[in-house]
Amino acid sequence: MNRNFTDKYCYRNDNLTAVDSEPVFVKGRTSVYEVIRVIGGKPLFLEDHIERLERSLHSFGLEICGMKSTDFRDKIASLCIENDKVDGNIEILVTAGNDKTITTMVGFIAHKYPEERDYRQGVKVEIIEVERKNPNSKVKNTEARLAANAFLAENDCFEVLLKNKNNQITEGSRSNFFYFKEGALCSPPVAAVLPGITRKYVLLAAEIAGMKVHEDFLLSDQVKDLDAAFLSGTSIGVLPISCIGKHELNLNHEPLKNLMKTFRGLVENTLETAGKRPTD
């Protein structure tokens with residue numbers, strides 16, 4: 001058992017409450033969640049996160065009546081004020097009790113963002129054979145996530161890429177995986193991975209940049225043929241990979257640098273328009 005939330009206050013359903021007064025979360029119940037990055041008091045890609053939360057709930061036969069992104073936007077704005085905090089990660093955690101009672105918790109959680117040098121120098125990743133069940137849903141404490149966490153705790157790398165029994169690389173334990181091959185941007189098929197919100201906007205950035213995009217599995221023994229690759233995710237944005245195992249990648253890859261620049265522009269534009277009314 002653990003208490004996820006940091007800072008002073010969180011929301012339990014519609015009630016603002018002190019974090020210290022909340023019980024620890026109980027394992028063994030169905031819990032789906034979303035982690036949203038807040039920048040300058042504005043939640044990034046909030047509507048997309050709420051849509052995915054609804055899909056995750058639906059996959060377990062659950063739903064929250066009347067769930068709206070505006071309600072969560074108001075809660076996040078309130079938490080920023082009450083906790084005197086405008087940057088960080090917010091988690092929305094929806095837990096179903098044994099009697100199908102739904103509890104929705106919203107609060108700041110601990111986060112770790114890459115350093116600026118990581119975006120210049122890239123990060124090291126390794127490959128492990130682990131498969132996620134129900135990969136399209138974001139579920140708490142899966143066996144795959146726990147296995148990845150154990151590997152990361154004992155090895156010197158930023159992230160692990162998961163491969164299935166067919167040696168196909170699917171995704172990172174906390175991220176989506178992209179690679180460049182034969183002049184195109186490639187990613188594993190969406191049916192085999194968590195459809196990341198950042199992933200969606202990476203693909204949009206690629207379209208804006210005029211890149212060819214393919215969905216295709218990369219086999220673990222094909223890593224040696226790659227020129228460049230990167231991870232994407234809520235906390236990391238677009239993060240270059242310096243090496244996969246012993247294979248070093250090109251950090252001066254122009255299409256990758258162009259994609260990173262285009263993605264940053266999308267983020268800045270989204271934050272600039274976040275929360276504006278149509279008449280603004």
Side-chain angles (χ1 to χ4, degrees), residues 35-37 39 44-45 87-89 109-130 132 135 138 144-163 167-181 185-188 192-203 205-206 209 211 217-267:
V35 175
I36 301 163
R37 186 161 181 176
I39 303 174
L44 184 61
F45 308 139
D87 295 292
N89 283 359
I109 59 172
H111 66 269
K112 182 179 180 181
Y113 300 141
E115 302 288 342
E116 280 301 317
R117 66 174 181 271
D118 293 326
Y119 293 98
R120 299 190 306 271
Q121 301 175 3
V123 295
K124 179 181 178 180
V125 303
E126 296 284 354
I127 301 173
I128 62 173
E129 186 172 338
V130 172
R132 291 180 65 233
K138 199 170 178 70
R145 183 61 179 270
L146 295 174
N149 287 347
F151 184 93
L152 288 167
E154 297 179 1
N155 293 272
D156 181 24
C157 59
F158 180 87
E159 172 66 302
V160 290
L161 300 178
L162 312 182
K163 70 174 182 178
N167 287 323
Q168 297 168 324
I169 296 174
T170 55
E171 58 192 334
S173 71
R174 301 165 295 173
S175 59
N176 285 122
F177 172 62
F178 288 87
Y179 58 98
F180 289 91
K181 181 180 179 181
L185 176 65
C186 303
S187 69
V193 304
L194 179 70
I197 305 305
T198 305
R199 179 184 186 274
K200 170 183 174 180
Y201 286 91
V202 166
L203 294 173
M211 294 181 179
F217 281 116
L218 180 75
L219 301 181
S220 57
D221 60 2
Q222 295 175 326
V223 165
K224 65 182 184 300
D225 302 321
L226 293 184
D227 287 329
F230 63 90
L231 306 170
S232 71
T234 295
S235 293
I236 62 177
V238 175
L239 183 61
I241 297 174
S242 61
C243 59
I244 302 176
K246 295 181 179 180
H247 178 67
E248 295 185 358
L249 299 175
N250 180 11
L251 295 173
N252 292 313
H253 191 258
E254 286 301 324
L256 172 54
K257 291 163 72 174
N258 186 28
L259 183 66
M260 292 175 69
K261 181 179 178 180
T262 306
F263 176 78
R264 284 195 298 269
L266 279 175
V267 170

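What's counted below: heavy atoms across the whole structure, side chains too, no hydrogens, waters or symmetry copies.
The line from NZ of Lys257 to CZ of Arg120 is 12.5 Å long, rounded to the nearest 0.5 Å. The CG atom of Leu249 sits 9.5 Å away from atom CG of Leu256, with the distance rounded to the nearest 0.5 Å. Here Ser235 contributes atom OG and Ile109 contributes atom CD1; the two are 7.5 Å apart, rounded to the nearest 0.5 Å. Interatomic distance, Asp227 CG to Tyr179 OH, rounded to the nearest 0.5 Å: 13.0 Å. Between Glu129 atom CD and Leu162 atom CG the span is 10.5 Å, to the nearest 0.5 Å. Atom OG in Ser242 sits 8.5 Å away from atom NZ in Lys124 (nearest 0.5 Å).
For the pair Thr234 and Ile197, the minimum side-chain heavy-atom distance is 4.5 Å or more. A heavy-atom distance below 4.5 Å is not found between the side chains of Leu218 and Pro188.
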For this session: Could you check Val193 against Arg199 for side chain to side chain contact (heavy atoms under 4.5 Å, CB included), going step by step and ending with a plain yes or no?
Result: CA-CA 11 Å; Val193 304; Arg199 179 184 186 274; 4.3 Å; yes

Exercise. Phe230 and Leu185: side chain to side chain contact (heavy atoms under 4.5 Å, CB included), yes or no, with the steps?
Worked result: CA-CA 10 Å; Phe230 63 90; Leu185 176 65; 3.7 Å; yes

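Heavy-atom minimum distance, Ile128 versus Ala148: CD1-CA, 4.0 Å. Summarising the geometry of Ile36 relative to Leu44, their closest heavy-atom pair is CG2-O, 3.8 Å, with the distance given to 0.1 Å. Residues Phe217 and Gln222 approach most closely at O-OE1, 4.3 Å, considering heavy atoms. Contact detail for Glu126 and Phe151: the closest heavy-atom pair is CB-CE2, 3.8 Å. The shortest heavy-atom contact between Leu259 and Ala206 is CD1-N, 3.5 Å. Nearest heavy atom pair, residue Asp87 against residue Ile39, reads OD1-CA, 3.3 Å.
Counting heavy atoms of neighbouring residues, nucleotides and ligands inside a 6.0 Å radius, atom NZ of Lys224 exceeds 12 of them. No more than 12 heavy atoms of other residues, nucleotides or ligands shown are found within 6.0 angstrom of CD on Glu248. Atom CG of Asp156 has 12 or fewer heavy atoms from other residues, nucleotides or ligands within 6.0 Å.
Under the side chain to side chain contact (heavy atoms under 4.5 Å, CB included) rule, Asp221 has a single partner from Val223, Leu219, Asp225, which is Leu219.
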Distance-only criterion, 3.5 Å: show the donor-acceptor pairs between side-chain atoms of residues 171-178 and protein atoms not counting sequence neighbours.
residue	atom	partner	partner atom	Å
Glu171	OE1	Leu194	N	2.9
Glu171	OE2	Arg132	NH1	3.1
Ser173	OG	Glu159	OE1	2.6
Arg174	NH2	Phe158	O	2.5
Ser175	OG	Glu159	OE2	2.9
Asn176	OD1	Gly196	N	3.2
Asn176	ND2	Leu194	O	3.0

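Counting only N and O atoms by type, the side chains of Asn89 and Tyr113 include a donor and acceptor under 3.5 Å apart.
Here the side chain of His247 pairs a donor or acceptor atom with the backbone of Leu226 at under 3.5 angstrom.
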